[in-house]
Amino acid sequence: MPSAVAPQRSILWFRKGLRLHDNPALLAAIQSATHLYPVFVLDPWFLKPERVGVNRLNFLLESLTDLRSSLQARGSNLLVLRGTPQDVLPRVWKDWNITRLCFEVDTEEYAKDRDSKITEAAKQAGIEVVTCVSHTLYDTKDVVAKNGGKPPLTYKGFEKAITSLGPPPAPVADPPANLPPIDASSKGTDSSETGVPSLTDLGYPDEASTDIKGGETEALARLAEQLSDKAWVAAFEKPKGDPTAFIKPATTVLSPHLKFGCLSPRLFYEALQRVYKEKKQHSKPPVSLLGQLLWREFYYVVAAHTPNYHRMEGNPICKQIPWDDNEDFFRAWEDSRTGYPWIDAIMAQLRRTGWMHHLARHCVACFLTRGDLYVSWERGRDTFDRLLIDGDPSLNSGNWMWLSASSFFYQYFRVYSPVTYGKKYDPEGKYVKHFLPILKDYPPKYIWEPWKAPLSVQEAAGCIIGKDYPAPIVDHAEASRRCIQRMKQAYDNQPHAAQPGTKEALKRSANDGANGALKAKKARRGN
DNA sequence: CAGTGGTTGCACAT
DNA sequence: ATGTGCAACCACTG
């Protein structure tokens, strides 16, 4: 093992995992290292307005700034480089006489391809490559192996697999107070050339519209603050949260930090276990806070091991549904012009703050797809992927498949109401008025369905429906009824069921039989 | 093959 | 607050 003892010059390549705590790749990089080059590559593939909105980009830049300060405090630095990693990294590892490249495993589609190319090139150049799993609790491959070689498609199956794996690894030790230096003679490493750019440097507006702040320091403070209310942690049940709470959200809002790895999932896991140990009575997965972390893990496992996971076509776990290609409906949904204040306010919150409560996401996702507009989940997914600060492809596509009843969840007749769902949490309409100020003077009686207000009320509120704020683009009762019918048809027409005598067809008829028997039983009970 | 359960539906009953 | 009808899905189990 000569590499373990020979003096090393390491690149630590940050992508996600923008933290020093629980960073096994960092510990690997400093092993017998004389020099350490912490690098982040700003990839033009990612830096496009259609791919990342100003709020998430701002969060990333804040995270990089924080990481840079932390590294500087340890005698190191963060070298922020610009360009495609496949171009940039081979250039610098040559310039800097690098012997070892360390990074965190990233299971996402784009990352897998990028990393395999980089790994190949590094090996060709005689550079040792070390990768570590620390973005997820487990190595996703291990979960799949425990589930018989396939990713689990139910939470129960997932739970069984991780139970047999045992608890995830504990966080690794913090790095030492002094890190190996960057060789001052190395080309292009001067602090003036390697700083974190501003939003305007990258062609974005000069500031974000959100209050959500990025960075490991912020993440650890938020974790401590959220978990300090132990009674709240112990009682947490996701479906009981209030999606209209916006001054103090009903959840932890740690998701952006988990997305970028400012917070280690293993540290979060460990911190939760400490609270649960103290509070004997506490909620359990899947609804507890721990459950939320496990759902994240679930989607990472499925995403990493399902071909064409981010598309309907060619995706073996996704129902094939002939969605409407209705650009007007899609635009109205995206731009808060559906005429349903609940839907439009949620989308306004998304654009302004880059975050909404999970259940609010459900409502707009259901509305766009199987509930009302019958537009493809891939369209809505793209909008979320761009605008959410916590936009994380594995979770995002998975949740869109869930809500559109394309995978994981199939009770398509359970449709969220774009009127009553928000109203039951917020009868006064404070949420709507905050995010749709045009409606701020509507009386509570009409705030959730302003088109029902008499003209005199509309005039008094200074907002005429159909002129200042749209009338509903669909009648929900009618649209949802039709969507349910179309979903039934789409399910019946799944390509797998086409050939009689196939395994799938046999399974179908078995299910029909079960259904028939249930109907008969109901009929008997009725008589 | 029959039955059970599925993180989070709605409207209306009691 | 809990229960029901709605029209009836799927994955998984034994």
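We name chains A, B, ... by the order of the sequence lines, and we start the count at 1 in each one.
- In the set dC9(C), dC10(B), dT8(B), the nucleotide with an atom closest to the side chain of P239(A) is dT8(B).
- Residues Y155(A) and W295(A) place their aromatic rings such that the two centres sit under 6.0 Å apart.
- Atom NZ of K424(A) and atom C1' of dT8(B) are 8 Å apart (whole Å).
- Side-chain atoms of H358(A) lie closest to dT7(B) of the nucleotides dT7(B), dC9(C), dA11(C).
- The distance from atom CZ of F413(A) to atom P of dT4(C) is 17 Å, rounded to the nearest whole Å.
- Note on K319(A): every side-chain N or O is 4.0 Å or more away from OP1 and OP2 of dC9(C).
- Side-chain proximity of W402(A) to the nucleotides dT7(B), dC12(C), dC10(B) is greatest for dT7(B).
- A cation-pi arrangement is present between R379(A) and F330(A), with the terminal nitrogen or guanidinium carbon under 6.0 Å from the aromatic centre and inside a 45° cone about the axis.
- If you check every strand for non-hydrogen atoms under 4.0 Å, Y421(A) touches sugar and phosphate atoms only.
- Distance CG (L403(A)) to P (dG6(B)): 18 Å, rounded to an integer number of Å.
- Classification of D492(A) and K488(A) as a salt-bridged pair holds, one side-chain N sitting under 4.0 Å from a carboxylate O.
- A gap of 23 Å separates the C1' atoms of dT7(B) and dA7(C), to the nearest Å.
- Among the atoms of the strands shown, only primed sugar atoms or phosphate atoms (P, OP1, OP2) are found under 4.0 Å from some heavy atom of V415(A).
- Taking the six-membered ring for Trp, F408(A) and Y299(A) have ring centres closer than 6.0 Å.
- Taking atom CZ of R370(A) as the reference point, atom C1' of dC10(C) lies 13 Å away to the nearest angstrom.
- For the pair R414(A) CZ and dA7(C) P, the interatomic distance rounds to 15 Å; values are reported in whole Å.
- Listed by chain and number, the residues in a side-chain hydrogen bond (donor to acceptor under 3.5 Å, both in side chains) with K230(A) are E278(A) (sequence neighbours excluded).
- Less than 6.0 angstrom separates the ring centroid of F236(A) from the ring centroid of W232(A).
- Between K423(A) and dC10(B) there is no side-chain N or O to OP1 or OP2 distance below 4.0 Å.
- Residue D492(A) contributes atom CG, which lies 9 Å from atom P of dA8(C) at whole-angstrom precision.
- Taking the C1' atoms as reference points, dA8(C) lies 15 Å from dG3(B), given to the whole Å.
- Both geometric conditions, a ring-centre gap below 5.5 Å and a plane tilt below 30°, are fulfilled for W295(A) over the base of dT7(B).
- Annotation: cation-pi pair R352(A)/F435(A) absent, no NZ/CZ under 6.0 Å from the ring centroid and within 45° of its normal.
- Distance from the side chain of Y491(A) is smallest for dC10(C) among the nucleotides dT7(B), dG9(B), dC10(C).
- Here the C1' atom of nucleotide dT8(B) and the CZ atom of F367(A) are 19 Å apart, to the nearest Å.
- When distances run from any side-chain atom of Y412(A) to the nucleotides dT13(C), dT7(B), dC9(C), the shortest one goes to dC9(C).
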Set out, line by line, the N/O atom pairs under 3.5 Å between protein and nucleotides 11-14 of chain B.
residue : atom : partner : partner atom : Å
dA11(B) : OP2  : T420(A) : OG1          : 3.0

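- Looking at heavy-atom distances under 4.0 Å, K284(A) makes no contact with the nucleic acid at all.
- Distance from the side chain of H362(A) is smallest to dT8(B) among dA8(C), dA11(C), dT8(B).
- Atom C1' of dC6(C) sits at a distance of 23 Å from the matching atom of dA2(B), rounded to the whole Å.
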message = Wobble G-U and Watson-Crick pairs count when both distances are under 3.5 Å; given that, what is the 5' to 3' dot-bracket string of DNA chain C, with | for pairing to other strands?
response = ||||||..||||||
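- Q292(A) comes within 4.0 angstrom of a nucleotide base, judged by non-hydrogen atoms across all strands.
- Rounding to whole angstrom units, CG of residue L359(A) and C1' of dG9(B) are separated by 12 Å.
- Judged by the 6.0 Å and 45° rule, K319(A) forms a cation-pi pair with Y491(A).
- Atom NZ of K141(A) sits in a sparse spot, with 12 or fewer heavy atoms from other residues, nucleotides or ligands closer than 6.0 Å.
- Using a 4.0 Å heavy-atom distance criterion, F409(A) is classed as making no nucleic acid contact.
- Applying the 4.0 Å criterion to OP1 and OP2 of dG6(B), one finds that K156(A) has a side-chain N or O inside that range.
- The number of heavy-atom neighbours closer than 6.0 Å to CD of E50(A), taken from other residues, nucleotides and ligands shown, is above 12.
- When the shell of 6.0 Å around CD of E313(A) is examined, it contains 12 or fewer heavy atoms from other residues, nucleotides or ligands.
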